[in-house]
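Numbers here are sequence positions counted from 1. Every value quoted in this text rests on a predicted model; they were computed, and no experiment measured them.
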Amino acid sequence: MARIATIDLSSAFKPHWFSSHVDPGDAKAQEELKATCDLPRHIAVIMDGNGRWARQKGKTRIEGHAAGVDSVRDLVEACTQLGVGYLTLFTFSTENWKRPEKEVSALMQLLIRVLRKESRELHDNNIRLNVIGNMGMLPENVRHVLRETMELTKNNSRLVLSIALSYSGKWDILHACRSIAFDVKTGKLDPGIIDEQLFESYLSTVTIPDPELLIRTSGEFRISNFMLWQSAYTEIYFTNTYWPDFRRAQLYDAIRDFQSRERRFGQTSEQIKTKQTANK
């Protein structure tokens with residue numbers, strides 16, 4: 001990969017992710033969401049619309065990506081305050097390698113700078129960084145800062161923040177199949193015991209639960225090769241909001257929509273209601 005160019009991304013960085021000031025209205029909204037006792041354990045987000053946001057404002061695509069960093073900060077902070085245990089952000093897909101070299105280079109630079117500047121903030125707020133995807137395709141300096149941040153935060157437990165880098169759902173499934181085939185070939189695995197649970201243990205998401213809520217921004221109605229296996233029973237929420245404008249208020253809207261849905265997992269409404277009554 002070409003050398004990462006030097007680009008001014010200073011506008012993407014602010015002193016702190018987490019603020020000491022608590023807005024009364026926001027605190028009330030969070031309490032109302034938590035009072036339902038039905039918060040998604042794992043929220044995944046396809047962060048889309050940076051380029052279109054930038055074009056509408058007469059900015060470059062790179063400036064659009066930098067503007068999206070504030071949205072990441074706000075969602076991370078909101079999820080920790082709500083008590084959501086897992087947040088996964090689709091940051092860079094395997095298909096994104098096809099983008100112009102300058103844009104890819106700037107995205108890698110932005111990732112390095114964010115992690116170097118904010119890793120201590122993540123650690124101090126008990127957040128563990130996790131990465132899913134083909135890290136071997138990333139530049140060495142990106143892999144280095146990722147490893148450093150993951151090592152620093154490995155024992156944290158308040159929130160697991162997973163970033164999907166050089167990731168696609170098809171890649172994840174194919175990688176798992178190859179690994180299983182190799183273990184069968186070498187005699188480490190009996191093909192007769194392969195089931196869904198075993199297959200999932202070979203996926204890059206083995207350490208995190210399947211997402212209960214998947215949010216896609218920017219008005220697109222597709223999941224774009226993201227967590228294909230893991231999203232079999234995920235509730236999907238689409239919004240027209242471009243990612244740089246997506247904040248906690250929009251997150252709360254998505255959670256409220258999630259809470260209004262009946263999750264049947266192939267069963268009937270009557271079966272679900274009977275179980276809910278029995279558990280009371």
Side-chain angles (χ1 to χ4, degrees), residues 1-14 17 44-51 54 60-73 75-76 86-125 127-156 159-172 174-176 179 203-208 224-227 243-244:
M1 180 176 175
R3 180 181 63 87
I4 293 178
T6 301
I7 301 169
D8 182 13
L9 299 171
S10 57
S11 61
F13 300 95
K14 294 184 178 180
W17 283 31
V45 185
I46 300 174
M47 306 179 294
D48 193 27
N50 293 343
T60 66
R61 290 180 59 86
I62 294 170
E63 289 174 310
H65 294 310
V69 174
D70 275 344
S71 298
V72 172
R73 290 192 183 97
L75 257 66
V76 169
Y86 300 85
L87 175 65
T88 299
L89 304 177
F90 199 9
T91 307
F92 191 86
S93 72
T94 53
E95 291 82 5
N96 287 154
W97 290 112
K98 301 173 186 177
R99 291 190 174 187
E101 185 177 357
K102 182 179 179 181
E103 181 175 348
V104 172
S105 178
L107 283 167
M108 294 298 123
Q109 179 186 334
L110 179 61
L111 177 62
I112 290 172
R113 292 193 60 184
V114 168
L115 288 174
R116 283 179 174 167
K117 184 174 178 59
E118 312 292 3
S119 59
R120 175 53 58 177
E121 198 81 29
L122 291 173
H123 183 55
D124 290 345
N125 285 279
I127 296 168
R128 175 163 67 89
L129 181 72
N130 180 50
V131 178
I132 60 173
N134 187 358
M135 287 184 62
M137 292 187 68
L138 299 171
E140 173 54 35
N141 51 356
V142 175
R143 295 199 301 269
H144 176 73
V145 72
L146 286 169
R147 287 192 295 263
E148 281 189 337
T149 307
M150 287 189 288
E151 177 64 24
L152 174 66
T153 64
K154 66 181 181 181
N155 294 320
N156 294 342
L159 172 73
V160 177
L161 173 62
S162 297
I163 54 176
L165 286 169
S166 192
Y167 176 89
S168 79
K170 290 182 178 180
W171 167 85
D172 205 2
L174 285 172
H175 183 266
S179 299
L203 294 170
S204 65
T205 53
V206 60
T207 62
I208 59 178
S224 295
N225 204 0
F226 182 52
M227 301 185 90
W243 176 246

Check [X] against [Y] and note the closest heavy-atom contact, atom names and distance.
X: Val104; Y: Arg99; answer: CG2-O, 3.8 Å
X: Ser119; Y: Thr153; answer: O-CG2, 4.4 Å
X: Arg120; Y: Leu152; answer: NH2-CD1, 3.8 Å
X: Leu138; Y: Ser166; answer: CD2-CB, 4.3 Å
X: Leu203; Y: Ala176; answer: CD2-CB, 3.9 Å

Between [X] and [Y], is any pair of side-chain heavy atoms under 4.5 Å apart?
X: Ser204; Y: Trp171; answer: yes
X: Phe90; Y: Met227; answer: no
X: Ile132; Y: Asp172; answer: no
X: Met47; Y: Val72; answer: yes
X: Trp243; Y: Asp48; answer: no
X: Leu146; Y: Leu165; answer: yes

From [X] [atom1] over to [Y] [atom2], what is the distance, rounded to the nearest 0.5 angstrom?
X: Leu87; Y: Ile163; atom1: CG; atom2: CD1; result: 11.0 Å
X: Ser168; Y: Phe226; atom1: OG; atom2: CZ; result: 11.0 Å
X: Lys102; Y: Ile62; atom1: NZ; atom2: CD1; result: 5.0 Å
X: Trp97; Y: Asn134; atom1: CH2; atom2: CG; result: 9.0 Å
X: Glu148; Y: Leu115; atom1: CD; atom2: CG; result: 10.0 Å
X: Leu111; Y: Thr149; atom1: CG; atom2: OG1; result: 8.5 Å

Self-check item: Steps toward side chain to side chain contact (heavy atoms under 4.5 Å, CB included) verdict (Glu140, Arg143)
Solution: CA-CA 5 Å; Glu140 173 54 35; Arg143 295 199 301 269; 2.6 Å; yes
Exercise. Apply side chain to side chain contact (heavy atoms under 4.5 Å, CB included) to Leu89 and Leu161, showing your working.
Key: CA-CA 8 Å; Leu89 304 177; Leu161 173 62; 4.0 Å; yes
Exercise. Establish, from distance only, whether the side-chain atoms of Ser162 and Asn130 form a donor-acceptor pair under 3.5 Å.
Key: yes
Quiz item: Can you name the residues that form a salt bridge (Lys or Arg N to Asp or Glu O under 4.0 Å) with Lys154, not counting sequence neighbours?
Solution: Glu151
Exercise. Answer yes or no: is there an ion pair linking Glu121 with Arg73, defined by an N-O contact shorter than 4.0 Å?
Key: no
Self-check item: All ring pair (Phe, Tyr, Trp, His ring centres under 6.0 Å) counterparts of His144, not counting sequence neighbours
Solution: none
Quiz item: Under the 3.5 angstrom rule, does the side chain of Ser71 hit a backbone N or O of Pro244 as a donor-acceptor pair?
Solution: yes
Quiz item: Knowing that exactly one of Glu63, His65, Arg61 qualifies, which makes a side-chain hydrogen bond (donor to acceptor under 3.5 Å, both in side chains) with Asn50?
Solution: His65
Practice problem: For Ser179, check side-chain contact (heavy atoms from CB on, under 4.5 Å) against everything at least two apart and list the hits. | Solution: His175, Tyr202
